[in-house]
Each structure stands twice: as structure tokens, then as C-alpha cells.
J.: 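Let me begin by handing over the structure; questions about it come next.
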Amino acid sequence: MTNNKRSAQDQFVSPDYYQIDDLLQEEHILVRASIRDWVKREVSPIIEDYTERAECPIHLFRQLGEIGALGPSLPEEYGCGGMDEISYGIIMQELERGDSGIRSMASVQGSLVMYPIYRYGSEEMKRKYLPLLAKGELVGCFGLTEPDHGSNPNGMLTNIKDAGDHYILNGSKMWITNSPIADIAVVWAKDEEGAIRGLIVEKGMAGFKTPVIHGKWSLRASITGELVFEDVKVPKANVFQAIKGLKGPLSCLSKARYGISWGAVGAAMDCYDSALRYSKERIQFGKPIGQFQLTQKKLAEMITEITKAQLLAWRLGTLANDGKASPAQISMAKRNNVLMALEVAREARQIHGGMGITNEYPIMRHMMNLETVLTYEGTHDIHLLITGLDVTGLNAFS
Ligand SMILES: Cc1cc2nc3c(=O)[nH]c(=O)nc-3n(C[C@H](O)[C@H](O)[C@H](O)COP(=O)(O)OP(=O)(O)OC[C@H]3O[C@@H](n4cnc5c(N)ncnc54)[C@H](O)[C@@H]3O)c2cc1C
């Protein structure tokens, strides 16, 4: 299913105002070229239509596996990419340049499902799930948020009770990316001592349901649902033994937030690129609108902010490669780069005038998507409080 809209033709040219490419290795440039090609070929021609219909292009899962976008920085021995953190970031940037929903499909699978299985799962779990998840033959989701516990997951009510050779799981999760199409769910629940535990729930287990959440005006090409558990029998072998407490889910979120800090730059680059092109083509008062100082101010500020965000992401990537990127540093990059992208999208929308609200151009879709990105994986304000806690040592949450 393709369309003839201008957005479907995808003339994207990547901005690199500070020659940041010089900081990348050949491997990074190659990865970027292959993902960019795939996005131009497989995502751009269909994404506006899927977004309009609020339908998830599920067929892309296997392709995401083929291009190495699912768990790219996890080890090759489990069928994953074995790449460094900068390659992982670049993959997220290129996917989100196409659409935040497509990046979300890959982020959830790689960072929120595969990563905890790799980090906290038994050898048997790793061998059973990781190769299939890496290929996109299995789809996973991550259940942390609950109807009454979003920013404060520690208050979760979902719980497991020991029943001899298995646990009984009860509760519900809300806003779960991929849940209605997922084969497995990594779920966080409290045990009888009140400790948060991670476990794998499989589709088809009795008492487990995944209703779809309808009516989203954001991330429309990504499917979102609930997870409902009514006395679900979960084998003990499905529970992560290597982790207890909130640091389990938070470590996964750090991995995903790192990817988002790169991904948001991709969405911003797409909006800027479209606005720059439009500003040279659109004639008003006898000249291109790009010749007016007010349009130039918008474009100059957009490329300045994109360049700062690119440098932040790159430096965070080098820290992550050395195992030194702290959760607070990741929070700062996620928060800065997502708001930057949203503001770039808003300015780009103005440059496109009335055309900016249509799906002839990618702007409005990115803008609507970025409203979710600003909120999920820790809201904009929660990340500010994390930075505040880090610099003052004083906890605003308690
Ligand atoms: C499309 C989509 C997909 C998602 N996918 C997933 C997923 O796959 N898995 C998953 O587990 N979750 C997922 N989420 C959930 C997401 O992470 C939560 O929406 C987010 O953490 C915020 O929780 P909330 O919506 O309950 O908002 P709330 O926590 O109720 O926050 C509402 C407002 O209050 C503010 N606030 C809260 N506490 C404080 C405070 N202490 N100080 C100041 N302000 C505060 C927040 O910043 C926010 O502005 C998804 C959400 C969306 C929209």
C-alpha cells in the first residue's frame, strides 16, 4: 500500500552542521546508510496511511529483525547485533526520522524486552527467547505502568503470590506498547515481601488479556494496549532471579531512554530538512519565504538546537560505550532532545504554513508523535527532577 504524497517520496538530506560525521567510525556510517535506505524504502511510502488509519504496520517487525534493529547492542551469541552504543543510537535516530512509532516498536523490543532477559534472565530464557525476538519472529512488550501508577511505579499494585511450583499473578498494566500483538510480556509485579520482580508472561496463558487502547492522536502507527492478569499461573522458571526492586525496570528504561535521546534528533532532522526545502520552494511576495529574515531566524535556531542535541547524543554514546553513562546523564539527554524535537516540529509547521497541518508533509505526524515521546519513559518534568536530585542531592520525590 503506497501513496503519492510528497512525504511518501522522502527527499530527506541529513543535516550535519558541525561535521559530527568526523566523530563517527566507518561502521556507524555504514549502519546509518543501511537503516536510512530501509526507512526510505519501507517506512516513508506507507507511514502516513498507517497513521491515518491508526494501524500498526506489523509486517515491519520481521524486517526490523533483518536490518538488525532489534537488540542491536546485545551479544551475537544470542542472535543479536553485537554493535556498540553509538550504532544503537544511530539506528534509533534513523528509525525515528521515519516515525516515532516505528522506533518505539524497536525500542520496546530491544531495550525493554530483550535487554532484561539478557541481563536478568536465566541461560535457558536467553536461549529460548532472544534469537526469536532478534529476528522479529516473536514480539515482546514491557509492562510497568498501571492505571493509577505512572510516574510513581513503586506504588504498583500488580502482584505475584507463591503457589508452590508456580506464582499466581494478578493486576493490570496500562499504556503498553505492542501489548495486543505481543507473544510475550516482561511484567513487573510485587512479591509477597513487597519487592518488585520481573517475569515473563506468555500469550495464551489462562487469565491473561491484552485489550487495545483506541483513540490515540499520537503514535498512531504504534499499537498500544493494556495487560490484564486474573489469577494467571506463571511458572517459577519465568521469573528473573538476578534482580529484585525498582532498579530492574529502571535499568531497562535507561537503555531505552538513551535510544530516545538519539531518536528524537531523527524526528527533528526530518522536520528541519522538510522546512528548509519548503522555504526555498514556496514563493510569497515575489520571493522564496526562506529569504525573509523571520524564516531564517526559525531555520537558524532549528539547526543550532539540532546540532547541540546531536553533540549531546554523541557524547552520551561515547560515555555509554565506556560503561560510564549515568541514568541522570541519560535523563538530561532524553529531556533536552525530545523537547528540542517538539519545538523544531512546531517551528517547521509554521514554515510550511497551512500545508504544515496536512499529511503531504511529515511535520504534523512527528509533532503529534513527539507529545507521547515527551511523556513516556519518564515525563519531561520527572527527568527535570532527576537532574535536580543529581545536582543537589535532595530528593523532590519523597
Ligand atoms: C503511547 C504510549 C505508550 C507507552 N508505552 C509504555 C510501555 O510500553 N510500557 C509501560 O510500562 N508504559 C508505557 N507508557 C506509559 C508512560 O511511561 C506513562 O504515561 C508515563 O510514565 C507517565 O505516567 P502517567 O501517564 O500515568 O502520568 P502521571 O504520572 O499521572 O503524570 C501526570 C503529570 O503529573 C506530573 N507529575 C507526576 N509526578 C510528579 C512529581 N512528583 N512532580 C511533578 N510533576 C509530577 C507528570 O510529569 C505529568 O505531567 C506509554 C505511554 C504512552 C502514552
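Start at 1 and go down the list; that is how both ligands and their atoms are numbered.
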J.: Examine the proximity of ligand 1 to I176 and report which part, side chain or backbone, both or neither, has a heavy atom under 4.0 Å away.
T.: both
J.: Should T145 be counted as touching ligand 1, given the test is an N or O pair under 3.5 Å?
T.: yes
J.: Is there a side-chain contact between N359 and T51 in this structure, where contact means two heavy atoms from C-beta onward sitting under 4.5 Å apart?
T.: no
J.: Return yes or no for this condition: an N or O of T177 is under 3.5 Å from an N or O of ligand 1.
T.: yes
J.: Could you name the option among S104, A256, G150 that has the heavy atom nearest to atom 24 (P) of ligand 1?
T.: G150
J.: Output the list of atoms in ligand 1 that are nearer than 4.0 Å to some heavy atom of E377, sorted by atom number.
T.: 17 (O)
J.: Please compare W188, Y376, F142 and report which has the shortest non-hydrogen distance to atom 9 (N) of ligand 1.
T.: F142
J.: Any protein heavy atom lying closer than 4.0 Å to atom 33 (C) of ligand 1?
T.: no
J.: Between T224 and ligand 1, does any nitrogen or oxygen pair lie at a separation below 3.5 Å?
T.: no
J.: Indicate whether atom 5 (N) of ligand 1 is within a distance of less than 4.0 angstrom of some protein heavy atom.
T.: yes
J.: Quick check on contacts: which atoms of ligand 1 are under 4.0 angstrom from a heavy atom of S151?
T.: 23 (O), 28 (P), 29 (O), 31 (O), 37 (C), 38 (N)
J.: Given I382, V113, I223, which has its nearest heavy atom closest to atom 45 (C) of ligand 1?
T.: I382
J.: Please assess E146 against T158 for the test side-chain hydrogen bond (donor to acceptor under 3.5 Å, both in side chains), listing each intermediate value before the final yes or no.
T.: CA-CA 8 Å; E146 299 189 351; T158 301; 2.6 Å; yes
